[in-house]
*Asks:* 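One structure, as structure tokens, below. Some questions next.
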Number of protein chains: 2
Amino acid sequence: MGTDKVKGHLDVLLLQVLKDGPAHGYSVVGALRQRSGGTFDLPEGTIYPALHRLEEARFLDSDWELVNGRRRKLYRLTNSGAAALVKERNRWAEFVAAVESVLAPATLGSA
Amino acid sequence: MGTDKVKGHLDVLLLQVLKDGPAHGYSVVGALRQRSGGTFDLPEGTIYPALHRLEEARFLDSDWELVNGRRRKLYRLTNSGAAALVKERNRWAEFVAAVESVLAPATLGSA
DNA sequence: TCCCATACATAGAAACTCTAGGTATCTTGA
DNA sequence: TCAAGATACCTAGAGTTTCTATGTATGGGA
């Protein structure tokens, strides 16, 4: 059915998590789950393509790591990614404000 | 490019607007624009199919009106639609809380 | 008379996320 | 030892939503 939990806001979430420190994809899944209190329990099939997309947009770059015989792709926020994060956070704030003002009862008078 | 302003939250918005009084599609466009302070300036191609979808889900029902020689389809919230609105508003609140907690800086300690 | 606002509608494109698979390594426990 | 589960990566295709583009029709104002 496509539950669609993040509703088009994945990018801000990923950029923010990576702003708080470099991380690899699999750990980002856990970070989002923890930081959202379990609400964002996203499948890997959501995270990996999104990270690729952000890397291609130059908002992230990456290096391969080898830890205990397992390879990891460590992502880091670029300067351009940090700028994008600021922009995306502003968009988010605007978006919330707009929805909230629609959800506010009309009877109170909008003026 | 697909600006995609409402990001999967159109339904709450429509249900709320119609909860505040019956309305026809074209006027809903204006209502959303006004109540969102111009942020949600949605094309008719977004609104009409969404209203059809909500009507098919029994959250709305409608009657044709004739006003000044122009026909209008007046939509009304059903009881089931009112219940859906409550549920959707709760979802929205949860969603905002989850995003905000991810956007809060990790350095403050999540515990 | 022509254009704009009003008022409806749909088809197809585009974007995003999820489902569902696949590979490989390390650890733990039976 | 061997199976299972956690770790860690990946992609193709489906599904949903929203937008673009287009079409029809009426009423009013310049």
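So that the names make sense, note that chain A is the first sequence line, chain B the second, and so on, each numbered from 1.
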*Asks:* Rounded to whole Å, please give me the gap between CG in A/Leu66 and P in C/dC26.
*Replies:*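 In whole Å, C/dC26 P and A/Leu66 CG are 8 Å from each other.
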*Asks:* Report the distance from atom CD of A/Glu56 to atom P of C/dC16, rounded to the nearest whole Å.
*Replies:*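 Rounded to the whole Å, the gap is 12 Å.
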*Asks:* Side chain of B/His24 only, please: which of D/dC19, C/dA7, D/dC10 is the nearest?
*Replies:*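 For the B/His24 side chain, the nearest candidate turns out to be C/dA7.
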*Asks:* Could you give the CD-to-C1' distance, from B/Glu65 to D/dT26, as a whole number of Å?
*Replies:*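 Rounding to the nearest Å, CD of B/Glu65 and C1' of D/dT26 are 16 Å apart.
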*Asks:* Measure from NZ on A/Lys7 to P on D/dG15 and round the result to the nearest Å.
*Replies:*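 Computing the A/Lys7:NZ to D/dG15:P distance gives 19 Å.
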*Asks:* Where the side chain of A/Glu44 is concerned, which of C/dA9, D/dC19, D/dA8 is the nearest nucleotide?
*Replies:*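 The nucleotide sitting nearest to the side chain is D/dA8.
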*Asks:* Taking the nucleotide of DNA chain C with the closest heavy atom to each, which residue, A/Gly45 or A/Arg70, is nearer the 5' end?
*Replies:*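 It is A/Gly45 whose nearest nucleotide is closer to the 5' end.
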*Asks:* Please compare A/Pro49 and A/Val67 by the position of their nearest nucleotide in DNA chain C and report the one closer to 5'.
*Replies:*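 That would be A/Pro49.
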*Asks:* If only side-chain N and O atoms of B/Arg72 are considered, is one of them under 4.0 Å from the OP1 or OP2 phosphate oxygen of C/dA7?
*Replies:*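 It does, given that an N or O in the side chain of B/Arg72 lies less than 4.0 Å from OP1 or OP2 of C/dA7.
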*Asks:* Indicate yes or no for a side-chain donor-acceptor contact from A/Thr78 to the backbone of A/Arg58 under 3.5 Å, with no hydrogens or angles considered.
*Replies:*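 Answer holds: yes.
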*Asks:* Is any side-chain heavy atom of B/Leu15 less than 4.5 Å from a side-chain heavy atom of B/Leu60?
*Replies:*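 Yes, at least one pair of side-chain atoms sits under 4.5 Å.
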*Asks:* Return the 5'-most residue of the pair A/Ser27, B/Gly69 with respect to DNA chain D, ranking by each residue's nearest nucleotide.
*Replies:*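 Result: A/Ser27.
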*Asks:* Quick check: do B/His9 and A/Lys7 have side-chain heavy atoms less than 4.5 Å from each other?
*Replies:*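 Yes. Closest side-chain heavy atoms under 4.5 Å.
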*Asks:* Ignoring backbone atoms, establish whether A/Tyr48 has a side-chain N or O less than 4.0 Å from OP1 or OP2 of D/dC10.
*Replies:*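 No, no such contact exists.
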*Asks:* Whole Å only: how far is the CD1 atom of B/Ile47 from the C1' atom of C/dT10?
*Replies:*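 Whole-Å distance recorded here is 15 Å.
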*Asks:* C/dC16 P sits how many Å from A/Phe40 CZ, rounded?
*Replies:*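 To the nearest whole Å, that distance equals 17 Å.
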*Asks:* Work out which heavy atom in B/Val28 is nearest to a heavy atom in B/Ala23; give both atom names and the distance.
*Replies:*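 Heavy atoms only, the tightest pair is CG2-CB, 4.0 Å.
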*Asks:* May I have the distance from A/Lys73 (atom NZ) to D/dC10 (atom C1'), rounded to whole angstrom?
*Replies:*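 From A/Lys73 NZ to D/dC10 C1': 9 Å.
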*Asks:* Of all the nucleotides listed (D/dT17, C/dT10, C/dC16), which has the minimum atom distance to the side chain of A/Arg53?
*Replies:*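 Looking only at side-chain atoms, A/Arg53 lies closest to C/dC16.
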*Asks:* Does a side-chain N or O of B/His52 approach OP1 or OP2 of C/dT10 to a distance below 4.0 Å, or not?
*Replies:*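 Result: yes.
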*Asks:* Choosing from D/dT18, D/dT20, D/dC10, which nucleotide comes nearest the side chain of B/Pro43?
*Replies:*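 Among D/dT18, D/dT20, D/dC10, the one nearest the side chain of B/Pro43 is D/dT20.
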*Asks:* What's the CG-P distance between B/Leu42 and C/dA7, to the nearest Å?
*Replies:*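 Going from B/Leu42 (CG) to C/dA7 (P), I get 17 Å.
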*Asks:* Taking the side chain of B/Thr46 as its heavy atoms from C-beta onward, which of D/dT11, D/dC19, C/dT10 lies nearest to it?
*Replies:*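 Of all the options, the side chain of B/Thr46 is nearest to D/dC19.
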*Asks:* With heavy-atom distances below 4.5 Å as the criterion, would you say the side chains of A/Arg35 and A/Asp20 are in contact?
*Replies:*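 Side chain of A/Arg35 against side chain of A/Asp20, heavy atoms only: contact under 4.5 Å found.
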*Asks:* Determine: side-chain N/O of A/Tyr26 to OP1/OP2 of D/dC9, distance under 4.0 Å, yes or no.
*Replies:*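 Answer is no, no contact under 4.0 Å.
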